[in-house]
Amino acid sequence: MKPKEINKVEIRNLQREDYDQLASSFTRVYADGSDVFWTPEQIDKLIRIFPEGQIVTVVDGKIVGCALSIIVNYNDVKNDHTYAQVTGNETFNTHTRKGNILYGIEVFVHPDYRGLRLARRMYEYRKELCEKLNLKAIMFGGRLPNYHKYADHMRPKEYIDKVRKREIFDPVLLFQLSNDFHVRKVMRNYLPNDEESKHFACLLQWDNIYYQEPTEEYISPKTTVRVGLVQWQMRSYKTLDDLFEQVEFFVDSVSSYQSDFVLFPEYFNAPLMARFNDESESEAIRGLAQYTDEIRERFINLAIRYNINIITGSMPLIKEDGLLYNIGYLCRRDGTYEMYEKLHVTPDEMKCWGLNGGKAIRTFETDCAKIGVLICYDIEFPELSRIMAGEGMQILFVPFLTDTQNAYSRVRVCAQARAIENECFVVIAGSVGNLPKVHNMDIQYAQSGVFTPCDFAFPTDGRRAEATPNTEMILISDVDLDLLNELHTYGSVRNLKDRRSDLYEVKMKKVSQE
């Protein structure tokens, strides 16, 4: 029943907490009688990758309409395509900030609120968003719900012409034409279950007359990320100031190449343990933990001064529970920071230092990518990165410390495997050299590198860049996030998409973080 009176209408961005109300009010009914709706995971992903493109219409506090969209490249949708192709089989991995088309993937209004021009409001929002983002056009596949009545004696082209002339009424197509959309072409098999449209659809387009080709004055959102790796030489440092003189040198060097990230190795600050070398190994590592808070503050300062996101490697920390952990920090260039921790400690770390494993598996938002960090041994446990991949992780950073070549090989081979199975970039950085005056830190072996999935858009061996083994140096490399989006949908194999979730799953247990 239509409402007798409307007091307030609001168009706003879709929120995660809106899902239950959406699911109870709207469904898509296919010709075979199946009743389906977007899953919470799909809605969550749309909000995460393109929040401004997902909107709802709220009437007197009740959600009565919704419009969903993504951004794609014009060349990918200007000709025949299907709904499955343009949405990546409804994974939305086809969305790219480098695209120039706002593509509508859904619009619906509650039956009780139709005829109130609510859909028109959502289309006006889309047009304003298209102009705001400097996109070339709005496009989508439009159904022909009344075509089945005429299909036995009328081709789609003739049907469209008669709808345009108002000789035939089609509620969907007529609405689109009335809102300044034009039919670009007719597509076959756009929605396989759409029997009413006899599997045809119109490719509809609204052109943004204010669109400007990207120039130096207009910069498209960045999708190429530059990472810098520090292959750190272990040497004697008497004070924290001495250590950070070298740290700042590397941050300065990496930032001079306009890098977005710099990664330091695990326990890069171990030379400071020489001061405690006359104590037991467990006491020495706890002595080193005294520097951690100041090291964090110095890294935050460097991140701001050099305009670069710093992954600080790792260092020991004594938490409020009195236990010792191996942790590190993401220090963003805006001055914010977050902590990550090593979850799996090696038998040697436990035996010599009394180290404890952390409990938090987290991904981090940054100004240019969603990232994860796993410290050394953690990369050898595939469940961790799989959980991160499920949260949208694009780049996985791995600070490590290995003494022998076989220990290094475990880290390196597992890092390459994680890149393939999670369709992400993996960046590893370690230390080289030796520390003769620090117990349990005698020798180090490393070859830092950047690894990719193995498909046509990437290096054939999955190695984007590698440092010279056992040599102090920095390594700079670019990674293109758009290549990951293409891989998710068009890759020769699609490890994330092809998982048999009907047979198995990997998920976090609810564990207290205290």
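Predicted model, so just to flag it, every value in this text is computed and none were measured.
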Exercise. Has the side chain of T57 got a donor or acceptor atom that lies under 3.5 Å from a matching backbone atom of V64?
Worked result: no

Exercise. When you measure from the side chain of K45 to the backbone N and O of T91, does any donor-acceptor pair fall under 3.5 Å?
Worked result: yes

For this session: List the atom of N309, the atom of C368, and the distance in Å for their closest heavy-atom pair.
Result: ND2-SG, 4.4 Å

Exercise. Are the ring centres of Y123 and F175 closer than 6.0 Å?
Worked result: yes

Seminar exercise, completed: Rounded to the nearest 0.5 Å, the CG atom of D367 sits from the CZ atom of R332 at a distance of 9.0 Å

Exercise. Can a salt bridge be assigned to the pair E383 and R386 using a cut-off of 4.0 Å between side-chain N and carboxylate O?
Worked result: no

Exercise. Can you tell me if CZ on R120 sees more than 12 non-hydrogen neighbours from other groups inside 6.0 Å?
Worked result: yes

Exercise. So, for A67 and R126, which heavy atoms are closest and what is the spacing to 0.1 Å?
Worked result: CB-NH2, 3.8 Å

Exercise. Any side-chain heavy atom of L384 sitting closer than 4.5 Å to one from L343?
Worked result: yes

Exercise. Would you say D170 and Y159 make side-chain contact, with heavy atoms under 4.5 Å?
Worked result: yes

Exercise. Hey, mind stepping through D207 and Q205 against side chain to side chain donor-acceptor pair (under 3.5 Å) and telling me if it holds?
Worked result: CA-CA 6 Å; D207 296 310; Q205 180 171 332; 2.6 Å; yes

For this session: Just do the side chain to side chain contact (heavy atoms under 4.5 Å, CB included) check on V225 and Q394 with the steps written out, would you?
Result: CA-CA 11 Å; V225 178; Q394 298 164 297; over 6 Å; no

Exercise. Between T312 and C331, what is the shortest heavy-atom contact and its length?
Worked result: CG2-SG, 3.9 Å

Problem set entry | D498 side chain to V493 backbone, donor-acceptor under 3.5 Å | no

Exercise. Nearest 0.5 Å, what's the CG-NZ distance between N73 and K78?
Worked result: 11.0 Å

Exercise. Do P145 and V172 come close enough that some side-chain heavy atom pair is under 4.5 Å?
Worked result: yes

For this session: Considering only NZ, NE, NH1 and NH2 on the basic side and carboxylate oxygens on the acidic side, decide whether R12 and D18 come within less than 4.0 Å.
Result: yes

Exercise. Just by modelled atom types, is the L118 backbone N or O under 3.5 Å from a matching donor or acceptor in the R121 side chain?
Worked result: no

Exercise. Does the pair R188/D80 count as a salt bridge with the N-to-O cut at 4.0 Å?
Worked result: no

Seminar exercise, completed: Separation between CG (N134) and CD (E213), nearest 0.5 Å, reads 8.5 Å

Exercise. Are side-chain heavy atoms of V183 and L177 found at a separation under 4.5 Å?
Worked result: yes

Exercise. Just wondering, are more than 12 heavy atoms of other shown residues or ligands nearer than 6.0 Å to OH in Y504?
Worked result: yes

For this session: Determine, stepwise, if the pair F425 / V227 fulfils side chain to side chain contact (heavy atoms under 4.5 Å, CB included).
Result: CA-CA 11 Å; F425 297 106; V227 296; over 6 Å; no

Exercise. Okay, side chain of E421, backbone of A419: is any donor-acceptor separation there less than 3.5 Å?
Worked result: no

Exercise. Is D60 paired with K8 through a side-chain N to carboxylate O contact shorter than 4.0 Å?
Worked result: no

For this session: Verify the neighbour count for atom NZ of K185: are there more than 12 heavy atoms of other residues, nucleotides or ligands below 6.0 Å?
Result: yes

Exercise. Do I300 and E297 have side chains that get closer than 4.5 Å, going by heavy atoms?
Worked result: yes

Exercise. What distance separates I311 CD1 from F299 CZ, expressed to the nearest 0.5 Å?
Worked result: 10.5 Å

Problem set entry | Flag if over 12 foreign heavy atoms under 6.0 Å of CZ, F456 | no

Exercise. Any side-chain heavy atom of V398 sitting closer than 4.5 Å to one from R418?
Worked result: no

Problem set entry | Sole residue of W206, Y190, F181, Y103 in ring pair (Phe, Tyr, Trp, His ring centres under 6.0 Å) with F140 | F181

Exercise. Could you walk me through whether F400 and I379 pass the side chain to side chain contact (heavy atoms under 4.5 Å, CB included) check?
Worked result: CA-CA 9 Å; F400 71 91; I379 195 65; over 6 Å; no

For this session: Without swapping roles, check the side chain of S259 against the backbone of V254 for a donor-acceptor pair under 3.5 Å.
Result: yes

Exercise. If you measure from the Lys or Arg side-chain nitrogens to the Asp or Glu carboxylate oxygens, is any gap between E341 and K359 under 4.0 Å?
Worked result: no

Exercise. Are the charged groups of R500 and D502 less than 4.0 angstrom apart, N to O?
Worked result: yes

For this session: Walk me through it: do N422 and S385 pass the test side chain to side chain donor-acceptor pair (under 3.5 Å)?
Result: CA-CA 7 Å; N422 295 303; S385 54; 3.0 Å; yes

Problem set entry | Nearest heavy atoms of I43 and L68, plus distance in Å | CD1-CD1, 4.3 Å

Exercise. Is there a donor-acceptor pair closer than 3.5 Å between any side-chain N or O of D482 and the backbone N or O of T96?
Worked result: no

Exercise. Counting N and O atoms only, with roles assigned by atom type, does the side chain of N208 sit under 3.5 Å from a partner on the main chain of Y210, one being a donor and the other an acceptor?
Worked result: yes

For this session: Report, as yes or no, whether the 6.0 Å neighbourhood of atom OH on Y257 holds more than 12 heavy atoms from other residues, nucleotides or ligands.
Result: no

Exercise. Donor-acceptor pair, K198 side chain versus P156 backbone, under 3.5 Å?
Worked result: no

Exercise. Side chain of R464, backbone of D478: donor and acceptor closer than 3.5 Å?
Worked result: yes

For this session: Rounded to the nearest 0.5 Å, what's the gap from CG on L481 to OG1 on T224? Could you check?
Result: 7.5 Å

Problem set entry | Pair N189, T82: side-chain N/O donor-acceptor within cut-off below 3.5 Å | no

For this session: Before giving the answer on side chain to side chain contact (heavy atoms under 4.5 Å, CB included), spell out for Y74 and M139 the whole-Å C-alpha distance, their side-chain angles and the decisive distance to 0.1 Å.
Result: CA-CA 9 Å; Y74 179 70; M139 297 175 71; 4.0 Å; yes

For this session: Test H488 against E423 for side chain to side chain donor-acceptor pair (under 3.5 Å), laying out the working first.
Result: CA-CA 7 Å; H488 297 332; E423 298 179 347; 2.5 Å; yes

Exercise. Taking the six-membered ring where the residue is Trp, are the ring centres of F261 and F397 under 6.0 Å apart?
Worked result: yes

Problem set entry | Salt bridge present between R333 and D260 (N-O < 4.0 angstrom) | yes

Exercise. Which pair of non-hydrogen atoms, one from L484 and one from P453, has the smallest distance, and what is that distance?
Worked result: CD2-CG, 4.2 Å

For this session: Please examine the side chains of H110 and V59, heavy atoms only from C-beta on, and report whether any two atoms are closer than 4.5 Å.
Result: no

Exercise. Can you find a heavy atom in the side chain of Q42 that is under 4.5 Å from one in the side chain of F92?
Worked result: yes

Exercise. Between E52 and K132, is there a salt bridge with N-O shorter than 4.0 Å?
Worked result: no

Exercise. Which value, rounded to the nearest 0.5 Å, describes the distance between S69 atom OG and H95 atom NE2?
Worked result: 9.0 Å

Exercise. Closest heavy-atom contact between A303 and I310?
Worked result: N-CD1, 3.6 Å

Problem set entry | With D461 via side-chain hydrogen bond (donor to acceptor under 3.5 Å, both in side chains) - residues at least two apart | R463

